[in-house]
Structure formats: C-alpha cells, structure tokens
Amino acid sequence: MNIPFFSFEGMHPAIKGEMQETFEKFYDSNWYVLGEFTKQFEQDFAKWSNVNHAVGVSNGLDGLILALRCLNLNKGDEVIVPSNTYIASMLSITHNGLTPVLVEPNRETFNIDPDLIEEKITERTKAIMPVHLFGQPCEMDKITGIAKKHNLYVVEDNAQAHGAHYDNKKTGSWGDVNATSFYPGKNLGALGEAGAVTTDNIDFATKVKTLRNYGSNTKYYNEESGFNMRIDELQAGLLSVKLKYIEKWTRKRQEIANWYFESLKNLREIELPVILPKATHSFHLFVIKTKRRDELKEYLAQKGIGTLIHYPVPPHLQEAYKKWGCTIGDFPIAEELADSSLSLPLWPGMTKSQTKQITKIISDFFA
Ligand SMILES: *Cc1c(COP(=O)(O)O)cnc(C)c1O
C-alpha cells in the first residue's frame with residue numbers, strides 16, 4: 001500500500017477538458033502577457049475573495065513584496081510577523097529593507113499569538129503580517145483591533161488559507177493589502193508559478209499594478225522603478241477554471257479532516273489541530289503534534305505513507321538569517337512546533353478508507 005502525501009488525482013482529471021479548452025483559447029489569442037485571461041481572473045478572484053481589487057502577480061513571495069512595497073515604508077521600519085512561518089513571509093520583509101519583529105505563535109493554533117503582539121510594538125512598528133498557517137485563520141478581530149489602536153497596517157499572508165473564514169469573513173479580505181500564492185500545491189494552485197494581491201484600496205491596487213509591470217502604466221513610460229512580477233497569462237486562465245471548484249475542494253478537505261479527527265481523537269499520544277470557534281479552517285494541511293515525531297514519520301514511511309514536516313527549521317534558525325545572531329531557545333514555541341509537527345496526507349479526493357489505513361498505522365505505532 002502506498003499513500004502519497006499529496007495528489008492531484010481528485011482534482012485535475014475531472015477538469016482536464018476545460019483546462020485544455022482554456023489552453024487552446026490562450027494559444028489562439030496571440031496575446032501572451034497581461035491579456036484578457038489576467039483581467040478576467042483578477043475580477044473572478046476579487047469577487048470570490050470579497051474585495052474590491054485583486055492584482056495577479058508572479059508568485060506568493062512577489063505578492064508579499066509588492067503588498068509591503070506599496071505602503072511606502074522607510075528602511076528599518078518594523079513589521080510584526082509570527083516566528084512560526086514559512087520563510088517567504090520573512091523574506092518579503094527583509095527584501096524591502098524592513099525589519100521583521102518576531103512574535104511567538106499560540107501552540108494550539110500554530111498562528112501568531114495576538115496577546116503577545118502589543119509588547120513588541122515600538123515607534124518604528126508600521127505593520128502586522130498575520131500568516132494563516134495550514135488553513136487556520138488568525139484571530140483577525142483581535143489583530144485588526146490592535147492595528148487600529150496603534151495605527152498600523154495589516155498585511156495578510158494568505159498563501160495557505162484559500163477558503164478559510166474568521167467571523168464569516170474570508171481570509172485575504174481583512175488586511176489593508178494582502179497577498180496569496182497559487183503555487184501548485186496550495187489550495188487553489190496554478191500549473192506553475194502565480195500569486196495575487198488583494199485589497200479594497202484602489203491606490204494600493206494601482207500601485208501594485210504599476211510596480212509589477214516595470215513601474216509602468218503606459219508602455220515605455222516608467223513612473224517608478226518597478227519589477228517584472230506579472231502573473232503569467234496562461235496561469236491566470238487556468239486559475240479561473242480551478243476557482244470554480246475551490247468551494248467544493250475545500251469542503252472535501254474539511255470532510256477528510258473530520259475523518260482524521262474522528263479516528264484519532266482518542267489517541268492520547270498526539271495533539272490534533274484545533275479549530276477556533278469563530279473560524280472555518282480550510283485544511284491546507286492536517287498537522288498533528290507528537291514528541292515521537294521523527295520515529296512516527298519513519299514508521300509511516302516504512303508502511304508507504306507519505307508525510308512532511310512544516311517546517312523543520314524556523315526562520316530565525318535558518319542559515320539565511322544567521323546575521324540575526326539567533327540561537328536555539330530564542331523562540332521556544334516556534335522551535336517546539338518545528339520539532340513536534342507532522343503533516344499527514346490530505347488532498348481533495350482522498351478516500352475514507354485511505355485515512356483509516358493511515359490512522360490504523362498511527363494507532364499501531366503507539367500501541
Ligand atoms: C507558499 C507560501 C508563500 C510563498 O508563495 P510562493 O508562490 O511559493 O512564492 C508565502 N507564504 C506562505 C505562508 C506560503 O505557504
């Protein structure tokens with residue numbers, strides 16, 4: 001028996017015809033950069049996200065870079081970010097010459113602990129970047145409340161939470177300007193690189209559009225020193241097709257998560273994901289915690305079950321940031337999560353019998 005960590009099996013075969021039609025249209029359009037597909041996807045994604053504007057960009061990291069860029073912050077200004085996140089959140093801050101100020105997560109939710117934010121705010125703090133890790137929304141009511149009180153921007157990293165809500169409001173629609181990724185393995189995934197910036201603010205949307213396109217609105221006239229961070233036209237077209245199915249795929253993810261909860265709830269050796277009362281979790285990942293993580297991972301691998309660790313090394317201990325001079329113990333909760341987390345297989349189309357096989361092996365391991 002082999003169960004991979006992830007598969008497109010339950011998503012891609014069923015829409016192959018539609019995807020191929022889109023490719024044909026793209027091919028015959030003779031217009032391959034920033035064309036009708038981009039315009040259409042930006043409208044579709046804005047509507048689905050419940051925001052006024054979506055701007056397609058090259059990938060999630062570039063989206064975060066541009067989202068921060070359009071705030072016109074100064075070198076050395078501080079951005080509050082969780083210590084427990086994918087490196088991209090951190091890179092978007094440091095690539096802009098800004099200073100990340102790390103705040104520990106809540107161990108149950110994996111997300112930034114709102115109660116630890118205010119003590120980290122200084123005169124130089126300009127923004128908070130909540131990251132909705134694994135599809136679990138951050139406590140956005142508290143976070144936007146703190147931001148308002150201290151006059152800070154909120155920039156959501158919504159790369160992992162397409163389809164999640166907090167207080168009935170979609171993630172990616174709370175912040176002043178937000179970014180997301182359509183990396184293939186994300187809940188809404190392209191067949192290559194793509195990302196988007198979402199905002200209600202027309203000025204931010206316009207600025208991001210200019211910056212992604214060499215700082216230009218009129219061909220060969222450059223108002224800003226921009227980038228080439230445009231969304232790929234073909235990916236935009238394919239994403240409009242996939243967007244029609246995201247609600248269905250999200251429900252499948254939630255159903256699979258429920259099967260896991262049901263089968264694993266009595267296993268005292270592991271901690272299961274927690275869903276906050278005001279949240280709908282879009283289960284990008286199903287992450288359990290156990291002190292015997294490495295042994296369990298190995299045991300599952302021997303039985304043909306794919307798992308991954310998100311993430312084995314927190315940003316402050318990465319080689320890339322050794323200049324920060326951090327050592328083990330500086331952000332103990334992020335480190336504890338890095339040492340104990342294990343992501344189980346989960347993809348739309350996975351069967352109940354597959355989850356049963358996996359949970360049986362996990363139970364056998366602890367027995
Ligand atoms: C995937 C991801 C990104 C970056 O997206 P890319 O499209 O790979 O650049 C940013 N933040 C988080 C939390 C992610 O998971």
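Keep in mind it's a predicted model, so treat the numbers as computed, not measured. Remember, it's 1-based here, ligands and their atoms both numbered in the order they're listed. Below, all heavy atoms of this structure are taken into account, side chains as well, without hydrogens, waters or symmetry copies.
In this structure, Phe261 and Phe283 have perpendicular ring planes: the angle between them is above 60°, well past the 30° mark.
The ring pair (Phe, Tyr, Trp, His ring centres under 6.0 Å) analysis of residues 311-340, with sequence neighbours excluded, yields the pairs Tyr86-Tyr311, His316-Phe331, Tyr321-Trp324. Among pairs with a residue in residues 1-18, those fulfilling side chain to side chain donor-acceptor pair (under 3.5 Å) read His12-Lys242, Glu18-Lys244, Glu18-Tyr245, at least two apart in sequence or across chains.
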Give every pair made of an N or O atom of ligand 1 and a protein N or O atom lying under 3.5 Å apart, one pair per line with both atom names and the distance to 0.1 Å, or write 'none'.
unit_1   : atom_1 : unit_2 : atom_2 : d
ligand 1 : 5 (O)  : Ser181 : OG     : 3.2
ligand 1 : 7 (O)  : Gly60  : N      : 2.7
ligand 1 : 7 (O)  : Ser181 : OG     : 2.7
ligand 1 : 9 (O)  : Gly60  : N      : 3.2
ligand 1 : 9 (O)  : Leu61  : N      : 2.9
ligand 1 : 11 (N) : Asp157 : OD1    : 3.3
ligand 1 : 11 (N) : Asp157 : OD2    : 2.7
ligand 1 : 15 (O) : Gln160 : NE2    : 2.8
ligand 1 : 15 (O) : Lys186 : NZ     : 3.2

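The ring pair (Phe, Tyr, Trp, His ring centres under 6.0 Å) test applied to His284 returns no partner, not counting sequence neighbours.
Donor-acceptor pairing under 3.5 Å is lacking for the side chains of Glu269 and Thr290.
Annotation: Phe182 is in aromatic contact with His162 [ring centroid separation under 6.0 Å].
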